[in-house]
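This structure is a prediction, so every number in the text was calculated from the model and none was measured.
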Amino acid sequence: KYIRSYSYKAESFSELGLYQKAIDTCVASFEFEEPNCNIFYDIGEYHEKLDRLDKALSFYYKALRKDDQFSDAWYSIALILDSKGKSLEALYHIKKAIEKEEKNLDYLYCYAMIHEKVGFIKEAMIGYKKMVEIDHNELESWLNYSNLLLKEESIDEAVDSLYQALEFN
């Protein structure tokens, strides 16, 4: 009850770009109620917007300690770790997010992008392929998938993939 009120107030501060005030508001709610995974996640987001990535990670992990099924926290951790050059560690976290929400296109894109970045082309292709299976209109995924097929010298498959993309778009 209290956390929800404080959460709304914090969200208002966030919309105004007042992220530190949003954080302070969330923390003030701890006096009345034990924080839940959502409030920890929100604090993590506010820290991330202030470019305090280590603090953001800390709060995303706190959110996961409250609810290890919280897929957005797994995803946010993966993005930060990848941005810090810890792509292999990020892969673990994005896979955990996908375990929770296997049809989330943002998660699948992150999965494919990180795999491609570290040179795991086959795994990246799996990610892009799943994306186009879920949403045939996802043109960028078709193009990324086709480009990887070309890198793997699967020219016929790449051309077929582009034709399929044209059919759906």
Undergrad: Between OH of Tyr60 and CD of Glu48, what distance do you get to the nearest 0.5 Å?
TA: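 Atom-to-atom, Tyr60:OH and Glu48:CD are 3.5 Å apart.
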
Undergrad: Consider only side-chain N and O atoms of Glu101 and Tyr75, and report whether a donor and an acceptor are under 3.5 Å apart.
TA: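 No, Tyr75 and Glu101 have no side-chain donor paired with an acceptor closer than 3.5 Å.
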
Undergrad: Using a cut-off of 6.0 Å, state whether more than 12 heavy atoms not belonging to Glu102 lie near its atom CD.
TA: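 Check fails, neighbour count at 12 or below.
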
Undergrad: Partners of Tyr128 by ring-ring contact (aromatic ring centres under 6.0 Å, His included), sequence neighbours excluded?
TA: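 Expected list: none.
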
Undergrad: For Ala124 and Glu116, which heavy atoms make the closest approach, and how far apart are they?
TA: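 Minimum heavy-atom contact is CB-N, 3.6 Å.
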
Undergrad: Kindly write out the residues that satisfy side-chain contact (heavy atoms from CB on, under 4.5 Å) with Leu18, not counting sequence neighbours, or none if the list is empty.
TA: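 Scan of Leu18 (side-chain contact (heavy atoms from CB on, under 4.5 Å), adjacent residues dropped) gives Phe13, Leu16, Lys21.
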
Undergrad: Hey, is Arg4 close enough to Glu33 for a salt bridge, meaning N to O under 4.0 Å?
TA: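 Salt bridge absent between Arg4 and Glu33.
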
Undergrad: Could you tell me the separation between the NE2 atom of His93 and the CG atom of Leu91, rounded to the nearest 0.5 Å?
TA: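 Reported value, rounded in 0.5 Å steps: 11.0 Å.
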
Undergrad: Determine which pairs satisfy side chain to side chain donor-acceptor pair (under 3.5 Å) with at least one residue from residues 7-17, sequence neighbours left out, and list them in order.
TA: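 As it turns out, there is no side chain to side chain donor-acceptor pair (under 3.5 Å) pair with a partner in residues 7-17 once direct neighbours are skipped.
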
Undergrad: Please name all residues satisfying side-chain contact (heavy atoms from CB on, under 4.5 Å) with Lys129, sequence neighbours left out, ordered by chain then number.
TA: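 Lys129: side-chain contact (heavy atoms from CB on, under 4.5 Å) contacts with Glu133, Tyr145.
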
Undergrad: Which pair of non-hydrogen atoms, one from Leu105 and one from Met131, has the smallest distance, and what is that distance?
TA: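 Minimum heavy-atom contact is O-CE, 3.7 Å.
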
Undergrad: Can Lys49 be said to sit on top of Tyr46's aromatic six-ring, NZ or CZ under 6.0 Å from centre and within 45° of the ring axis?
TA: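 No, Lys49 does not lie over the aromatic ring of Tyr46.
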
Undergrad: What is the distance from atom OH of Tyr6 to atom OG1 of Thr25, rounded to the nearest 0.5 Å?
TA: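 Rounded to the nearest 0.5 Å, the OH-OG1 separation comes out at 8.5 Å.
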
Undergrad: Is there a continuous path of hydrophobic side-chain contacts, each under 4.5 Å between heavy atoms, that joins Leu81 to Tyr92?
TA: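 Shared cluster, yes.
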
Undergrad: By ring-ring contact (aromatic ring centres under 6.0 Å, His included), which residues pair with Phe70, not counting sequence neighbours?
TA: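 Phe70 satisfies ring-ring contact (aromatic ring centres under 6.0 Å, His included) with Tyr41 only.
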
Undergrad: Please check if Leu79 and Leu57 belong to a single hydrophobic cluster, counting links between Ile, Leu, Val, Met, Phe, Trp and Tyr side chain heavy atoms closer than 4.5 Å.
TA: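 No, Leu79 and Leu57 fall in different hydrophobic clusters.
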
Undergrad: Check for me, please, whether Tyr109 and Met125 land in the same ILVMFWY cluster - side-chain distances under 4.5 Å, paths through other members count.
TA: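 As far as the 4.5 Å side-chain criterion goes, Met125 and Tyr109 are connected within one cluster.
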
Undergrad: Looking at Ile80 and Ser83, what are the two nearest heavy atoms and their distance?
TA: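 Looking at all heavy atoms of both residues, the closest pair is O-OG, 2.7 Å.
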
Undergrad: Under the side-chain contact (heavy atoms from CB on, under 4.5 Å) rule, collect the residues that match up with Lys100, sequence neighbours excluded.
TA: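 Listed in chain order: Gln69, Ser71, Trp74, Lys96.
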
Undergrad: Scan residues 67-76 for pairs that pass salt bridge (charged side-chain N to carboxylate O under 4.0 Å, His left out), counting only residues two or more places apart or in two chains.
TA: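 For residues 67-76, and leaving out neighbouring residues, there are no salt bridge (charged side-chain N to carboxylate O under 4.0 Å, His left out) pairs at all.
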
Undergrad: Going by side-chain contact (heavy atoms from CB on, under 4.5 Å), name the residues that satisfy it together with Glu123, two or more places apart in sequence or in a different chain.
TA: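 Expected list: Tyr111, His115, Phe120.
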
Undergrad: For residues Val118 and Ser87, report the shortest heavy-atom separation together with the two atoms involved.
TA: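 Scanning both residues, the minimum pair turns out to be CG1-CB, 3.4 Å.
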
Undergrad: Glu45: what forms a salt bridge (Lys or Arg N to Asp or Glu O under 4.0 Å) with it, not counting sequence neighbours?
TA: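 If we apply the salt bridge (Lys or Arg N to Asp or Glu O under 4.0 Å) test to Glu45, skipping adjacent residues, there are no hits.
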
Undergrad: Once salt bridge (Lys or Arg N to Asp or Glu O under 4.0 Å) is applied, do any residues pair with Glu31, and if so which ones, sequence neighbours excluded?
TA: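 Result, salt bridge (Lys or Arg N to Asp or Glu O under 4.0 Å) vs Glu31: none returned.
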
Undergrad: With sequence neighbours left out, what residues match Lys103 under salt bridge (Lys or Arg N to Asp or Glu O under 4.0 Å)?
TA: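 Result, salt bridge (Lys or Arg N to Asp or Glu O under 4.0 Å) vs Lys103: none returned.
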
Undergrad: Ignoring hydrogens, what is the shortest heavy-atom contact between Ala90 and Ala78? Give both atom names and the distance.
TA: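 Looking at all heavy atoms of both residues, the shortest contact is CB-O, 3.3 Å.
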
Undergrad: Can you tell me which residue pairs pass the salt bridge (charged side-chain N to carboxylate O under 4.0 Å, His left out) test with a partner in residues 75-95, sequence neighbours excluded?
TA: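 Sorted pair list: Asp54-Lys84, Asp82-Lys117.
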
Undergrad: Look at the side chain of Ser29 and the backbone N and O of Cys26, then say whether any donor-acceptor pair between them is shorter than 3.5 Å.
TA: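 Yes, because the side chain of Ser29 sits within donor-acceptor range (under 3.5 Å) of the backbone of Cys26.
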
Undergrad: Does Phe30 belong to the same Ile/Leu/Val/Met/Phe/Trp/Tyr cluster as Tyr19, with side-chain heavy atoms less than 4.5 Å apart forming each link?
TA: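 Yes, one cluster joins them.
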
Undergrad: How close do Ala10 and Ala22 get, counting heavy atoms only, and between which atoms?
TA: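 Nearest heavy atoms, Ala10 then Ala22: O-CB, 3.3 Å.
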
